[in-house]
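The structure under discussion is supplied below as structure tokens; questions concerning it will follow.
Whatever order the structure lists them in is the order used to number ligands and atoms, beginning at 1. Numbers here are sequence positions counted from 1. All of these numbers come straight from a predicted model, not from anything done at the bench.
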Amino acid sequence: MACVFCKIAAGEIPAKVVASDDSVIAFHDIAPRAPVHVLVVPRKHIASVADAEDADRDVLGRLMLMARRVAQDLGIAERGYRLIVNVREHGGQEVPHLHVHVLGGKPLGPMLARPS
Ligand code: 5GP
Ligand code: ZN
């Protein structure tokens, strides 16, 4: 198993775990871009949203509900936060295991850099 997030889910490499259940796990990003930066990933290896199947409907829903729970538990829900799911090359996805970024703890600015 070469996938870094599969290894984290299996406990084979360490991560600062925030919450987990039988289908998803949430842990702090190793290079945070905001005061709160958590990744929520399915325990099952799914490369990206583009690779998910209809049968993954339940786990896709659980990712969102876990992201919401993390935001509540880490105290950023009231003022708001951003969920980002990068998909493949043009989406800027670097780790090919589906993950939801939970970002917050400060105003996050525009969704994308404005065209210059
Ligand atoms: P992507 O660009 O694929 O949407 O985001 C991948 C994220 O995974 C990046 O924010 C990166 O910092 C994080 N990351 C990569 N390797 C590791 C790791 O081994 N541990 C943790 N906790 N985060 C990682
Ligand atoms: Zn994986």
Side-chain angles (χ1 to χ4, degrees):
M1 190 206 316
C3 173
V4 63
F5 290 173
C6 282
K7 286 182 175 168
I8 288 174
E12 291 174 9
I13 61 173
K16 291 196 275 181
V17 175
V18 176
S20 72
D21 64 21
D22 57 349
S23 59
V24 302
I25 180 168
F27 52 89
H28 289 281
D29 195 291
I30 202 167
R33 316 276 182 96
V36 172
H37 187 174
V38 170
L39 304 173
V40 185
V41 316
R43 291 186 179 279
K44 173 187 176 186
H45 182 85
I46 302 170
S48 76
V49 167
D51 299 284
E53 300 173 350
D54 286 355
D56 296 318
R57 168 181 298 138
D58 183 67
V59 75
L60 293 175
R62 286 170 181 268
L63 286 173
M64 282 291 153
L65 294 173
M66 180 62 87
R68 181 179 71 172
R69 177 181 151 193
V70 164
Q72 286 167 345
D73 288 354
L74 297 185
I76 60 170
E78 189 174 335
R79 299 199 75 181
Y81 54 94
R82 183 171 295 157
L83 304 180
I84 295 177
V85 181
N86 295 322
V87 181
R88 294 183 173 169
E89 181 188 356
H90 280 193
Q93 184 180 5
E94 292 178 353
V95 176
H97 179 130
L98 171 60
H99 49 283
V100 178
H101 296 258
V102 182
L103 295 147
K106 69 174 186 181
L108 294 170
M111 183 174 66
L112 289 171
R114 298 185 193 284
S116 50

>> At under 4.0 Å between heavy atoms, is it the side chain or the backbone of N86 that contacts ligand 1, or both, or neither?
In response: side chain

> Looking at atom 5 (O) of ligand 1, what's its closest protein heavy atom, distance included?
Replying inline: H99 NE2, 3.1 Å

> Among protein heavy atoms, which lies nearest atom 11 (C) of ligand 1, and at what distance?
Replying inline: D29 OD1, 3.4 Å

>> Pair H101, H99 - check ring-ring contact (aromatic ring centres under 6.0 Å, His included), show working.
In response: CA-CA 6 Å; H101 296 258; H99 49 283; 5.0 Å; yes

>> Test of understanding: given a 4.0 Å heavy-atom threshold, classify the contact between V4 and ligand 1 as side chain, backbone, both, or neither.
In response: side chain

> Are the side chain of R68 and the backbone of A77 linked by a donor-acceptor contact shorter than 3.5 Å?
Replying inline: no

>> Using side-chain contact (heavy atoms from CB on, under 4.5 Å), reason through I8 and F27 one step at a time and then give a plain yes or no.
In response: CA-CA 9 Å; I8 288 174; F27 52 89; 3.8 Å; yes

>> Let me check something: do V36 and Y81 share a hydrophobic cluster, defined by ILVMFWY side-chain heavy atoms less than 4.5 Å apart, either directly or through other members?
In response: yes

> Any non-hydrogen atom of K16 lying under 4.0 Å from ligand 1?
Replying inline: no

> Is a side-chain donor or acceptor of H97 paired with a backbone partner of R43 at a separation under 3.5 angstrom?
Replying inline: no

> With the Zn ion (ligand 2) at the center, what angle do SG from C3 and SG from C6 span, rounded to 10 degrees?
Replying inline: 120°

>> If the cut-off is 4.0 Å to any non-hydrogen atom of A31, which atoms of ligand 1 fall inside it?
In response: 12 (O)

> What are the atoms of ligand 1, with element, lying closer than 4.0 Å to any heavy atom of I8?
Replying inline: 20 (N)

> For the Zn ion (ligand 2), what is the closest N, O or S atom on H45?
Replying inline: ND1

> Is I84 near ligand 1, meaning one of its heavy atoms is under 4.0 Å from it?
Replying inline: no

> Can you check whether I76 reaches V102 side chain to side chain, under 4.5 Å on heavy atoms?
Replying inline: yes

> What is the closest protein heavy atom to atom 15 (C) of ligand 1, and at what distance does it sit?
Replying inline: V95 CG2, 4.0 Å

>> Taking 4.0 angstrom as the limit and counting only heavy atoms of Q93, give me the atoms of ligand 1 inside it, by number and element.
In response: 3 (O)

>> For a 4.5 angstrom cut-off between non-hydrogen side-chain atoms, does L39 reach H37?
In response: yes

> Same hydrophobic cluster for M66 and V59, using side-chain heavy-atom links shorter than 4.5 Å among ILVMFWY?
Replying inline: yes

> What N/O/S atom of H97 is the closest to the Zn ion (ligand 2)?
Replying inline: ND1

> Starting from atom 3 (O) of ligand 1, which protein heavy atom do you reach first, and at what distance in Å?
Replying inline: E94 N, 2.7 Å

> atom 23 (N) of ligand 1: which protein heavy atom is closest, and how many Å away?
Replying inline: I30 N, 3.2 Å

>> Using a plain distance cutoff, I'd like to know if F5 has any nitrogen or oxygen under 3.5 Å from a nitrogen or oxygen of ligand 1.
In response: no

> Can you check whether R62 reaches D22 side chain to side chain, under 4.5 Å on heavy atoms?
Replying inline: yes

> Honestly curious: do L98 and V18 fall in one hydrophobic cluster under the side-chain, below-4.5 Å linking rule?
Replying inline: yes

>> The test is side-chain contact (heavy atoms from CB on, under 4.5 Å); show your working for L83 and V40 and say whether it passes.
In response: CA-CA 10 Å; L83 304 180; V40 185; over 6 Å; no

> Do any nitrogen or oxygen atoms of I13 lie less than 3.5 angstrom from nitrogen or oxygen atoms of ligand 1?
Replying inline: no

> By number and element, which atoms of ligand 1 are closer than 4.0 Å to a non-hydrogen atom of H28?
Replying inline: 22 (N)

>> Within the structure, is a non-hydrogen atom of G92 found at a distance of less than 4.0 Å from ligand 1?
In response: yes

> For the atom pair SG (C3) and CD1 (I46), what is the distance rounded to the nearest 0.5 Å?
Replying inline: 11.5 Å

>> Is there a polar contact, in the sense of an N or O pair closer than 3.5 Å, between H37 and ligand 1?
In response: no

